[in-house]
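The figures that follow rest on heavy atoms only: side chains count, while hydrogens, waters and symmetry mates do not. Read the numbers this way: they start at 1 and go in the same order the structure lists the ligands and their atoms.
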Amino acid sequence: MMTAKLFIEGEWVFASGGSFETLDPATGETITEVGVASRGDVDAAVAAARAALGGADWTGLLPVQRAALLFRLAALIEENAEELAQLETRDQGQPIGISRAVSVAGAAEHFRYYAGWVTKVQGTVNPVSFPETLHYTKREPIGVNALVTPWNFPLMILAWKLAPALATGNTVVIKPSEVTPLTSLRLVQLCAEAGFPPGVVNIVTGDGSVGELLSRHPDVDHLSYTGSTAVGRRITIASAESNLKRLTLELGGKAPSIIARDANIDAAVGGNLLGGTLNTGQVCAAYTRFYVDKAREAEFVDKLAAGMGSLRLGPGADESTALGPLVSSRHRDHVDRLVRTGVEEGAELVTGGSPVDGDGYFFEPTLFSGVNDEMTIMREEIFGPVLAITTYDGDAELDHLLARANDTEYGLAATIWTKDLATSQRLANGIKAGAVFVNMPPIPDMAAPWGGYKASGWGREMGPWAIDAYTELKSVWLHYGG
Ligand code: NAD
């Protein structure tokens, strides 16, 4: 693979800013060198994306022809599925079963889903109150889109952006996370193989400063970003200070999980174990703050602790691994610091609590009980296998419980475990979050909107909502009277 190179205008070119290493988090060993894009490289990629917008071989394609390219890309992802899954596992540490079933299969499905949309994006004819006037709307590509992605689920999250961007006739400059760039580079190779014309898909690698160049670039029309809320704020300022480029922001989360008195505790333990520790807790919608009815606390804590204790830690490449490493030593130190803060602030450590000795960046699955709402572990995004339990006192406290669950800057996801329809509706209606899951783990699907309330972001991805995110709506007035 051309890992030390950038892909600009249909060519793999050496990065002018040098290179950096990407590491295997299960061993700490270097996998390969990746290029660092300079300001000149970023300018060249944006210019290539701009030029491709005018090309007959892209903008001039019929919808069926553009759809065929996306279908071909989906097929190529499937033809190379095992290689992509192994690469994702090596670079991010994801258990191989998740890489195959979620990351790679999900990416292929996303391209196929948006290939279907290409021939179905419609406008409307509108009853304006002007005589002899036809009014209609049409959707047009926004133009040059920067796609800036995080290190967790890098292939799948890139697909969430790239598929609707291409389906609607845009051109893109991709900037993957410097921590996990490899599957994004491989996907760009597959785009070229699928036949997307030069300049339509470009990729520049490097750290946050490369993302910042894109966020400040006067010729980027829209930046779609997934990552931390702190960087989302910086991107918003950069957009305001440059050309007010449109932004789609998918930011951090701290999802509450409410376990009601009537909950099926075994189902709640299974669903929350998955929802809290999938990808070693490195999931933006991970369930992390648990509000358990006091009457069920002991049973829930015991069973969840047993479940966490039974998770098999190991390299993602090992088929029997349930919990892989954290993505980097830096991130492991961040998780460790927050866990130690939990202990210092008086939370009771039920299980886990420490990094695992050795070369990889492993951390024990960790459960706290006796937590209160003000503790740091209840407020800050940990992004590791760390769950914190507090309690509430039955139905009489539901309004207060809602206020507690909503007492956060985040609003990405939430979950409720109950058999009672009325309780589920009261809580689902009251929670300020982009997605509420009743009796199930936080699984995204391309047919349902994905995005956050409050500081969890702006806009929605997936479904027809992503078509909106990657298009401008034009209003055409046609006076046909004399
Ligand atoms: P991050 O913010 O550190 O980095 C994300 C990307 O932004 C990287 O490509 C990075 O190089 C780039 N970047 C850094 N500084 C930049 C700047 N000033 N301008 C432009 N780009 C810059 O995030 P991360 O640590 O890679 O990812 C984890 C975070 O992502 C968590 O907060 C998680 O909740 C969030 N996330 C959200 C969703 C969602 O759908 N809402 C999904 C996955 C992850």
Q) Any N/O of Ser215 closer than 3.5 Å to an N/O of ligand 1? A) no
(Q) Among Ser184, Ser228, Ala230, Ser209, which one puts a heavy atom closest to atom 1 (P) of ligand 1? (A) Ser228
Q | Tyr225, Trp151, Trp160, Phe383: member with heavy atom nearest to atom 25 (O) of ligand 1 | A | Trp151
**Q.** Numbered atoms and elements of ligand 1 in range of Trp450, under 4.0 angstrom, heavy atoms
**A.** 39 (C), 40 (O)
(Q) Heavy atom to atom 38 (C) of ligand 1, shortest distance: which of Gly434, Ser456, Cys284 holds it? (A) Cys284
Q) For ligand 1, is there an N or O atom under 3.5 Å from any N or O atom of Lys175? A) yes
Q) At a 4.0 Å threshold, what atoms of ligand 1 neighbour a non-hydrogen atom of Leu412? A) 41 (N)
Q.
For the residue pair Thr390 / Arg404, report whether a side-chain donor-acceptor contact shorter than 3.5 Å exists.
A. yes
(Q) To check your reading of the model: name the closest protein heavy atom to atom 10 (C) of ligand 1, its residue, and the distance in Å. (A) Glu178 OE1, 3.6 Å
Q: Step by step, work out the salt bridge (Lys or Arg N to Asp or Glu O under 4.0 Å) result for Arg100 and Glu82.
A: CA-CA 7 Å; Arg100 289 183 186 128; Glu82 186 58 22; 2.8 Å; yes
Q) Does the N or O separation between Thr226 and ligand 1 drop below 3.5 Å for any pair? A) no
Q. If you count the atoms of ligand 1 from 1 in the order shown, which ones are under 4.0 Å from a heavy atom of Arg234?
A. 18 (N)
(Q) What protein heavy atom lies closest to atom 32 (O) of ligand 1? Include the residue and the distance to one decimal. (A) Glu381 OE1, 2.6 Å
Q.
So, 4.0 Å and heavy atoms of Phe153: is ligand 1 close enough to count as a contact?
A. no
Q: Specify the protein heavy atom at minimum distance from atom 41 (N) of ligand 1: its residue, its atom name, and the distance to 0.1 Å.
A: Leu251 O, 2.8 Å
(Q) So that I can tick it off, tell me whether Arg340 and Glu344 are bridged by a salt bridge, with the cut-off set at under 4.0 angstrom between side-chain N and carboxylate O. (A) no
Q.
Measuring from non-hydrogen atoms of Pro176 to any atom of ligand 1, is the shortest distance under 4.0 Å?
A. yes
Q) Are His331 and Tyr361 an aromatic pair by the rule of ring centers under 6.0 Å? A) no
(Q) Heavy-atom contact check, 4.0 Å cutoff: does Gly457 meet ligand 1? (A) no
Q: Please state which part of Ile235 comes within less than 4.0 Å of ligand 1, counting heavy atoms only: side chain, backbone, both or neither.
A: side chain
Q | Under 3.5 Å donor-acceptor, Lys254 side chain and Ile377 backbone | A | yes
Q | Flag side-chain contact, heavy atom, 4.5 Å: Val220 against Val46 | A | yes
Q | 4.5 Å side-chain heavy-atom contact, Leu304 and Ile389 | A | yes
Q: For residues Trp160 and Phe153, establish whether the separation of their ring centroids is below 6.0 Å.
A: no
Q.
Exactly one of Asp373, Ile259, Leu427 should register a side chain to side chain contact (heavy atoms under 4.5 Å, CB included) with Tyr291. Which one does?
A. Asp373
Atom pairs and distances, side-chain donor-acceptor, residues 431-446, under 3.5 Å, sequence neighbours left out:
residue : atom : partner : partner atom : Å
Asn439  : OD1  : Thr418  : N            : 3.0
Asn439  : ND2  : Thr418  : O            : 2.8
Asp445  : OD1  : Ala447  : N            : 2.8

(Q) Is it the case that ligand 1 has an N or O less than 3.5 angstrom from some N or O of Ile157? (A) no
Q: Answer with yes or no whether the side chains of Glu88 and Ser99 bring together a donor and an acceptor at under 3.5 Å.
A: no
Q: Step by step, work out the side-chain hydrogen bond (donor to acceptor under 3.5 Å, both in side chains) result for His217 and Ser242.
A: CA-CA 7 Å; His217 206 291; Ser242 54; over 6 Å; no
(Q) Counting C-beta onward and ignoring hydrogens, is there a side-chain heavy-atom pair between Leu73 and Leu187 closer than 4.5 Å? (A) yes
**Q.** Residue part near ligand 1, for Gln282, under 4.0 Å between non-hydrogen atoms
**A.** neither
Q: Do me a favour and list the nearest non-hydrogen protein atom to atom 6 (C) of ligand 1 with residue, atom name and distance?
A: Thr149 O, 3.4 Å
Q.
Looking only at protein heavy atoms, which one is nearest to atom 44 (C) of ligand 1, and what is the separation?
A. Asn152 OD1, 3.2 Å
Q. Side chains of Thr226 and Lys161: do they bring a donor and an acceptor to under 3.5 Å?
A. yes
Q) What protein heavy atom sits nearest atom 12 (C) of ligand 1, and how far away is it? A) Val148 CG1, 3.8 Å
(Q) Return the closest protein heavy atom for atom 13 (N) of ligand 1 as residue, atom name and distance. (A) Gly208 CA, 3.5 Å
Q | Protein residue, atom and distance nearest to atom 35 (C) of ligand 1, heavy-atom basis | A | Gly227 O, 3.2 Å
